[in-house]
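Report on the structure given below.
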Amino acid sequence: MKIWWAVALLVAAGCDGGGGGEDAGLDAGPPGVDAGPRDYTPEPFDPTDATRAYCQGDDDAIEARITELLGELTLAEKVELMHGVGIGLVDDTWAVAGNDAAGIPGLRMLDGPRGLSDMTGKRGTAFPVGMMRGATWDPEIERRVGAAMAREIRSAGADVLLAPTINLLNHPRWGRAQETYGEDTHHVGTMGVAFIEGVQSEGIIASAKHYAANNIEDTRHDVDVTVDERTLREVYLPQFRRAVQEAQVGSVMSAYNQVNGLYCDLNTHLLREILKDEWGFAGFVESDWILGTHGDAASVLAGLDIEMPSPAHFRFLQRAVLAEELTEADIDRAVRRILRAQFCFGVDARERVVDDPSARETPEHLALAREAATRGIVLLRNEGAALPLAAGATVVLAGRVADLPNIGDEGSSNVLPTDVVTAREGIEAQAGSVTLLTALTPADEATVTAADAVIVVTGNTVEDEGESDIAAGDRDTMELPADEIALIEALAALNPNVIVVLEGGSALLVEGWVDDTAAVLHAFYPGSEGGHAIADVLFGVAAPSGRLPFAVPVAEADLPPFDNTSLSVTYGYLYGYRHLDAAGTAPRYPFGFGLTYTTFTYDSLTLDATTLAPDGTLTATVEVTNTGTVAATETVQLYVAAVGSRVTRAPRDLRAFGQIELAPGATGSVELTVPARDLAFWDVDAGAWEVEAIDYEIQVGPHAGELPLMETVRVE
Ligand code: BGC
């Protein structure tokens, strides 16, 4: 399937894949040019704060070594460092050549966002998908997941992890919704920063992708996203800026699509002006695969450093230098970034692991996958405390994914776990008895009626959503399949205790059937240990703590339209919960929503100041009490409303969140900080951020739809 994809794309691109080797020389330019060492003095390099912060080694020594190498390598040798070696894997990784004589190791890359790529053919832990980890709202778990994933890809010989996906969920039907963390810029940024920190703590280079505005699958290779500068700056880019400035991400992958009329790899504004010059990104930019590069000199000048996975365009770079379409100094700038990543992350200083299966699917990694999945399950409904079920309960199990290893997309994020614990297996391990229904026949009715609970595990699978070309692409609908709805209703007519476990990458509509159920959980694609995680929540081994990282509307029409057929789309400023809020449309489940087996009250919101300087930081403290009978974790959310702003704003924006675990009856305080710069809007005329000197309401509570506490701070 994936080979077909590659061949089809290459044919579509009208190229033969380059492949390095013999062909590359033919396109390099007239014979005899650049043959061997010659006098060349690279431009002097002045370290910046950004290059210093990026480097985990001795950055002065590293920059000096790079300068020396740039003087020694031939132009042809430099260009060799700037592209993948071919459209297939080399020793089970995507390879970028090094140069043995010069002590340059090159780079070995692997996907991806939920574990070791299946393309290696090697077994690895299927972590819950990004969206489920987003639903944990727990950066600490995400940091540990990033580190574990890094260990697994390193054990297969890779230095670069092609993750995290930090494109926003602009619409729930996006085929790769599952890979990202949610719809909110702040929340996605926080989770992305944690993941990158975890990955890079293991010496592996993370690659934040896909930069930028990559939120539709079916037209991903060509769609031109029109987005005004303010929306771009405030909505689509902040999480990438944080990846660069807070997490020092090693690399960024440019997206396939166009933004404002230019493909991302040709987009000087995105790559050079914003990412590199303004944010001070010190790592390298690599293209998305096969169809993600559209130029040779033009792409390098725009800011693309590496073409992946083969030199379909970059094999012409030498010729382009000779034709004076760019200079050797332009090539040097790209190569400096590529070498900086290799040397600062110590890729040259360690033995590349050939293959170490003992580092994968370790008990620790599987336990972490289970913990993350348990923490990410969102309890959406629990009428009459139907959940948790008693240990030993008699259960009837039904639904299309009840016994399906349902770990998510079969695109580039696919993984190959040795075993997947299905919902059936997990529930069987904790229930008294389980009857699995594959169809509801009259003969089953008495069993259904007599059961303590009927659990319907349903939702989306690889057939419904995923990466385009390789897998299912965008979702056609936000509804459950009609026969699954009919099944829920037929079961609900026989037993009042129907519990629906939804799986899928993002929001599923629940209208028409939800009122007939006793409880509903969203369990995403929960990974290797998913069935155990689902059972842990159903049987109360764990109190649910997941919170929706998106709003679930009543109807799809409540959201801005999702256009995955047109080659030209416009992204507005408001989408998701902000759009619903601004339109005054109540969602079925608000952004940030999730129930648990206890209740919490909020009290005593205090701000550390009533006024704030534009470069200051506000600290808010709130007291939370567990008023129920079981211990549980609460996610405290802080939203900001800019009162009387001179520009259109969302009614409220999430700006901070934090968690607290409380025993029954216990009270604890949660401290949240908001830097004033996070209150700013992008002033298009001034081309700068402005923190307006106005009042800001600080609204605190359990989710976007319930914010019982409010205080005001004034920026002066
Ligand atoms: C995807 C990237 C992925 C790459 C390599 C592309 O099709 O868009 O996310 O990292 O393939 O597998």
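Since we're looking at a predicted model, the values are computed, not measured. Whatever order the structure lists them in is the order used to number ligands and atoms, beginning at 1.
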Could you label the plane-to-plane angle of the W137 and H187 rings as parallel, tilted or perpendicular, counting under 30° as parallel and over 60° as perpendicular?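 The rings of W137 and H187 sit tilted, inter-plane angle from 30° to 60°.
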
What class does the angle between the rings of Y263 and H294 fall in, given that below 30° is parallel, 30 to 60° is tilted and above 60° is perpendicular? parallel

Atom 8 (O) of ligand 1: which of L161, D288, L110 has the nearest heavy atom? D288

Do [Y] and [X] meet the salt-bridge criterion of a basic N to acidic O distance under 4.0 Å?
| X | Y | result |
| --- | --- | --- |
| E465 | R173 | no |
| D296 | R315 | no |
| R233 | E278 | yes |
| D159 | R352 | yes |
| D356 | R151 | no |

Does ligand 1 have any atom sitting under 4.0 Å from a heavy atom of [X]?
| X | value |
| --- | --- |
| R220 | yes |
| E179 | no |
| H210 | yes |

Check: R176 N/O within less than 3.5 Å of ligand 1 N/O: yes

Under 4.0 Å, heavy atoms only, figure out whether ligand 1 is touched by the backbone of M308, its side chain, both or neither.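 The answer is neither; M308 stays 4.0 Å or more away.
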
Considering only heavy atoms of [X], which atoms of ligand 1 have at least one such atom less than 4.0 Å away?
| X | result |
| --- | --- |
| M253 | 10 (O) |
| L162 | 10 (O) |
| K209 | 2 (C), 3 (C), 9 (O), 10 (O) |

